[in-house]
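Heavy-atom basis, side chains included; hydrogens, waters and symmetry copies ignored. Here the structure is a predicted model, which means the values were calculated and not measured. Lettering of chains follows the sequences in order, A, B, ..., and the numbering in each one begins at 1.
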Amino acid sequence: MIAESTGLARKDLLGLEELTAEEIRLILRTAREFREVLDRPIKKVPALRGLTVANLFFENSTRTKMSFELAQKRLSTDSIGFAVSTSSVKKGESLRDTAQNIEAMRVDMIVMRHSESGAPRRLAEMVDAHVVNAGDGCHEHPTQGLLDLYTMQERFDDLRDRRVVIIGDIAHSRVARSNIHGLLKLGAKVGVCGPPTLLPMGLPELGVDVYPHVEDALAEADIINVLRIQLERMGVPLFPSTREYASLFGITPERLENAGHEILVLHPGPINRNVELDSRVADAPGSVILSQVTNGVAVRMAVTYLLAKTRLEAGHGAL
Amino acid sequence: MTTLQRKARIMDAHRMRRAITRIAYEIVERNKGTDALAVIGIRTRGVPLGQRLVEQIAAHEGEAPPFGYLDITLYRDDLQTIAYHPVVGPTSIPFNINDRHIILVDDVLFTGRTARAAISVLIDFGRPRSIHLAALIDRGHRELPICPDYVGRVVPTARTEAIQVNLSETDGEDVVYVCDLPPLTEPQS
Amino acid sequence: MARSDLLIRGGRIADPAGDVLLPGDVLIRDGAIVEVASSIDADVPVLDATGLVVAPGFIDLHAHFREPGQEWKEDIASGSRAAVAGGFTTVCLMPNTVPALHDQERVRFVMARGREVGLADLRVVGAATIDIAGSKMAPLGEMAQAGCVAFSDDGHPILDSGLMRRILEYAGQFELPVVQHAEDTGLTRGGAMNEGVIATRLGLGAMPRCAEDIIVHRDIALLEITGGHLHIAHASSAVTMDLVREARERGLQVTCEVTPHHLFFDENWVASCHYDANYKMNPPLRASSDRDALIEACIDGTVDAIATDHAPHLPDEKEMGFGAAPFGVIGLETAFAAAVTVLLPHLSLPRLLRLFTTGPARVFGFDDRGRLEPGLRGDVVLLDPEAEFIYDVASSASRSRNSPFHGQRLRGRVVATVSAGRLVHGGGNRLH
Ligand SMILES: [Zn+2]
């Protein structure tokens, strides 16, 4: 019997901006099947036995790294982590050196987190291995964007014409960018909300609405994605204080109540409790914030699986 | 999709119904009822076949054994070599399989690799008391030490042939054909 | 020296002062032009210029040769080779070496190294402040005596308004220009490319155009009270062009240069190059409307010179990620072709050549070069403005490879370069 033939016709996952809506839907559909695997007594399948994955985290991120590692273990890959300490990054290893080392180790897939926007893209062009962007600078965090989409779809089957507002530091957020591209491709209406100092130029050109006031955003939103806020970037404070931020933009039960309709609240974690998100919201009975974490593993399994398939197809295509 | 040249019709709707009914009887007989029995279809055509078996057993015994289905994509041993992207399908086993007698159902038994993968899936779900295999067609050419416990019909085939099972649920009719695989005109890449 | 006698024969002479190409020969004796006429005979080596355009050697107001201190990127020898390969016989070097060129010894050292190498005439732009740190004025007078041609903290702006005022005033007594790298760094900190939707999409730190406009505006305001000569380095903004025009109309001595890369590329290239840091420079590639304004300003004469801002960095230094990579690109060998490709549809060749010859000569006060006239330096280039080629940076004489022009189809080739009467690049098969 000949199976249906669909897949990601690409070597790498670098961002949602370059994916088609169909590719995004394929990943989300596949993730649904992997989500079921996570509820099995034995949460491991032999699908990618023999695939070697290197997790290159040039920037600390315990959660994303764990989620990728778990996804890989569930698929029976051989995974190795490169402990790239911040000090060695400061000394400066060029991406070409990294690429040559990885190639020499005959790795099939690289998961890369880097403080520089575009670093995974550069690496991807230098190596034959698949590259999965696990967050690059202020550019994209595609698997986070996908797991957010997945979580939103669990509540609203179809995101078309749903109003999603991303709240926080849009300028420096890779999560915001991946959300914007993914949501627009799935037909959602996307808005952003935050202090003007945290909104980058050109948002309307991207097709994004700007809400200066959080109350206006909540009045129209079906879903909000609340970003983790940082007072300073490179020593420069971007707003006067976290207390002021909380009072102007913090998501509280009262603000949600005033919106007058139900709003699904997402947060990529880790939460600054009672700054961008009130604990009472984060811990509310219907909160999906922990589902996001579980969904993240399923989405990363789907991405790993679908990309690895393209390698297998190109490399060993005998019937 | 590869186009298959149908050359013989080896089972029509009537014979198929009889085969399924017979298998259902055999299952009940050998298990002495439906106690601790469960049926699991292997996606995709093992699913409607399994459901029909459950219906037949229920009609006979007055009680339907629990039913589930599984997808073997992630357990295939040829993922490293096949040239297309198998779509990962859903698996649903909404009951505890521990200490149950499981009847695995597939449409065609061929190399045995699908059955092997399905057994691996099951074992990751728990520890059944036994696993038995039911197939509508056994076409031979086993590559693994796997032997069906219930068979609708044994059909000797050549490796250059294929068995096409059409079911009303998925294909609009109940019929089984023997087909010729198209000759390989290009070297395999 | 016998080798500095040369007769360049059979070409078409482009006199930047005029607007036409006329067949003619150029005779150089002892490194200086002695005759330019329709037909010359002399008992000296002959360089056959048949089919080529003969023009004055090019003058670059802005290059970084990294010696002393960072010779792995470039040194005076490799930089000189790149210069003459690009037709440049005079190169003015910026002082941001390690250590900075902020006193007469260092100025003399670089000029002496240039003479030792003996390819192009290397001149020095002295540091405006000690260690180009932007706080204490460097000994401008002593450096002027040592032969430096202008003052600048290039790489950095002279940010403090009081200090900039004093430097403009003080430099004025030597009649030397102050070259400003116009960037309000409070607006560009952490930036990597022009601010706008592309920077937002790519997640790259943004450098708003007004960071340049503000400093140009301020410096012109200062010039009103100080007098003297302000030269805007690597102007990249449409607003800068308007400000320069307007200031000149009011009689202020303001000049400006643009780079070949700002004329050729705009910020869209940063998106299409997939984070290739060879498209990262300071000022960054701007919007296409800015690029249009720069081209327009080259046509209407607002731009005095095309200057390369040749800034070598090694591949590994550029491959640290776009944000972390150093700013700057090499450009000596592609400057003429880039200018021809972009400007020749709008400008005659002689007028285009002004931007490489008489224009920069006027800005830095060189009165012994930039034209083909008896008595001037025997600096001559032989050009084929029709030649099309795809630029391969591997062919570069520079120690570095950071060119955004790699793989670009360009038009206009420098066939041979004569520096003070000596053939220093190409043309070997034409020498008889
Ligand atoms: Zn500069």
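When heavy atoms are compared at a cutoff of 4.5 Å, A:E125 approaches chain C solely by way of its side chain, counted from C-beta outward. For C:A206, no part lies near chain A; criterion is any non-hydrogen pair under 4.5 Å.
Between chain C and the options A:S173, A:P204, A:A124, A:P200, the largest number of non-hydrogen pairs under 4.5 Å is found for A:P200. Here A:E17 is the residue among A:E205, A:E17, A:R96 with the most heavy-atom pairs under 4.5 Å with chain C. If you tally non-hydrogen atom pairs under 4.5 Å between each of A:G15, A:A119, A:G118 and chain C, the highest count goes to A:G118.
Within residues 188-201 of chain C, the residues having any heavy atom under 4.5 Å from a heavy atom of chain A are, by residue number, C:G190, C:E195, C:G196, C:V197, C:T200, C:R201.
Under the 4.0 Å criterion applied to side-chain N and carboxylate O atoms, C:D290 and C:R209 are assigned as salt-bridge partners. Look at C:R291 and C:E267 and you find no salt bridge, because none of the NZ, NE, NH1 or NH2 atoms lies under 4.0 Å from a carboxylate O. With respect to A:E23 and A:R10, a salt bridge is recorded, a charged nitrogen being found less than 4.0 Å from a carboxylate O. Between A:D12 and A:R121 there is no salt bridge, since none of the side-chain N atoms of the basic residue sits less than 4.0 Å from a carboxylate O of the acidic one.
A centroid separation of less than 6.0 Å is found between the aromatic rings of A:H139 and C:Y275.
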With salt bridge (Lys or Arg N to Asp or Glu O under 4.0 Å) as the test, would you mind laying out the steps for A:E59 and A:R113 before giving the verdict?
-> CA-CA 6 Å; A:E59 196 182 68; A:R113 159 69 61 98; 3.7 Å; yes
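Classification of the A:F68-A:F57 ring pair by plane angle, with boundaries at 30° and 60°, yields perpendicular.
With C:S236 as reference, C:R286 is the one residue of C:E183, C:R286, C:H262 to meet the side chain to side chain donor-acceptor pair (under 3.5 Å) rule.
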